[in-house]
Asker: 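Just passing along the structure, written as structure tokens.
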Amino acid sequence: MTTGTTDSVTPAAPVASVSTHILDTSVGRPAAGVTVRLAARSGRDARWQELGGSATDADGRCKDLPALPEGTTHVRLDFAVEAYFEKKAASDTYVSDQPENNKPEQNHPENNKPEQNQAEAQQDAPANRDSGAPQVFFPEVAITFAVSPGEHYHVPLLLNPFGYSVYRGS
């Protein structure tokens, strides 16, 4: 008779998982090529542990973010959007279909009013407001959120040149 020993295998503790995608709401398309870094910590006062990162694909998705370590309670996603917007700005071209001397805004009576003060002009005319501003208003977006073991967290980023929004997706 042979006796064998069976090693008892302790199941791994469930860990949270994270995925994300980015939609550029200014053009209604996915944001491809954005670098996304992932960090985690195990407790409010613990130090952040950089886990690595990925870049969004043509569908704006990061499909290969690193796994979270056991005990993770907080996650941070860092989206490096500056390079995306710079590349987008370099490829965008504006072609006017109206002759330079016949633009409606030049002939509109509203535009023949006395000079406004600087604050009013900047508020009402984005071209004036942004004339000396950097091309990218938000060079990076950092999102921090709490996680529970065994749960999956899909955190989409809705992005445009002057704002962003995030939510817990499914």
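Everything numeric here is computed off the predicted structure, so don't read it as measured data.
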Asker: As an exercise, state the distance from CZ of Phe138 to CG of Asn160, rounded to the nearest 0.5 Å.
Answerer: 8.5 Å
Asker: Can you pull the salt bridge (Lys or Arg N to Asp or Glu O under 4.0 Å) pairs that have at least one residue in residues 147-170, sequence neighbours excluded?
Answerer: Glu151-Arg168
Asker: Between Tyr164 and Val81, is the side chain to side chain contact (heavy atoms under 4.5 Å, CB included) condition met? List the steps.
Answerer: CA-CA 11 Å; Tyr164 61 88; Val81 299; over 6 Å; no
Asker: I'd like to check the side-chain contact (heavy atoms from CB on, under 4.5 Å) partners of Pro69; sequence neighbours left out, ordered by chain and number.
Answerer: Ala40, Gln49, Leu51, Thr72
Asker: Which heavy atom of Gly169 sits nearest to which heavy atom of Pro156, and what is that distance?
Answerer: N-CD, 3.8 Å
Asker: Side-chain polar contacts of residues 21-34 - donor-acceptor pairs under 3.5 angstrom, sequence neighbours left out - could you list them?
Answerer:
residue, atom, partner, partner atom, Å
His21, ND1, His154, NE2, 2.8
Asp24, OD1, Ser26, N, 2.9
Asp24, OD1, Ser26, OG, 2.5
Asp24, OD2, Tyr84, OH, 2.6
Thr25, OG1, Leu159, O, 3.1
Ser26, OG, Lys88, NZ, 3.2

Asker: Please list all pairs passing the salt bridge (Lys or Arg N to Asp or Glu O under 4.0 Å) test where one or both residues lie in residues 137-146, with sequence neighbours left out.
Answerer: none
Asker: Can you list everything that forms a side-chain contact (heavy atoms from CB on, under 4.5 Å) with Ala55? Sequence neighbours excluded, please.
Answerer: none
Asker: State which residues pass side chain to side chain donor-acceptor pair (under 3.5 Å) with Asp64; sequence neighbours excluded, sorted by chain then number.
Answerer: Ser54
Asker: Under 4.5 Å between side-chain heavy atoms, counting indirect links through other Ile/Leu/Val/Met/Phe/Trp/Tyr residues: same cluster for Val136 and Leu158 or not?
Answerer: no
Asker: What orientation do Phe162 and Phe137 show, parallel under 30°, tilted 30 to 60°, or perpendicular over 60°?
Answerer: tilted
Asker: Applying ring-ring contact (aromatic ring centres under 6.0 Å, His included), which residue pairs with at least one partner in residues 28-48 are found, sequence neighbours left out?
Answerer: none
Asker: Does Asp59 have any salt bridge (Lys or Arg N to Asp or Glu O under 4.0 Å) partners at least two apart in sequence or in another chain, and if so, which?
Answerer: none
Asker: Does the side chain of Thr56 come within less than 4.5 Å of Cys62's, by heavy atoms?
Answerer: yes
Asker: If you take all heavy atoms of Ser19 and Leu65, which pair is closest and at what distance?
Answerer: CA-CD1, 4.3 Å
Asker: Do Leu38 and Leu68 have side chains that get closer than 4.5 Å, going by heavy atoms?
Answerer: yes
Asker: Kindly write out the residues that satisfy side chain to side chain donor-acceptor pair (under 3.5 Å) with Ser165, not counting sequence neighbours, or none if the list is empty.
Answerer: none
Asker: Return each pair, listed once, that meets salt bridge (Lys or Arg N to Asp or Glu O under 4.0 Å) where at least one residue sits in residues 69-82; pairs must be two or more places apart or across chains.
Answerer: Glu50-Arg76, Arg76-Asp78
Asker: Of all residues at least two apart in sequence or in a different chain, which pass the side-chain contact (heavy atoms from CB on, under 4.5 Å) check with Phe145?
Answerer: Val18, Val75, Leu77, Ile143, Val147, Tyr153, Val155
Asker: With distance as the sole criterion, is a donor-acceptor pair present between the side chains of His74 and Thr144 under 3.5 Å?
Answerer: no
Asker: Under the side chain to side chain donor-acceptor pair (under 3.5 Å) test, which residues partner Arg47, sequence neighbours left out?
Answerer: none
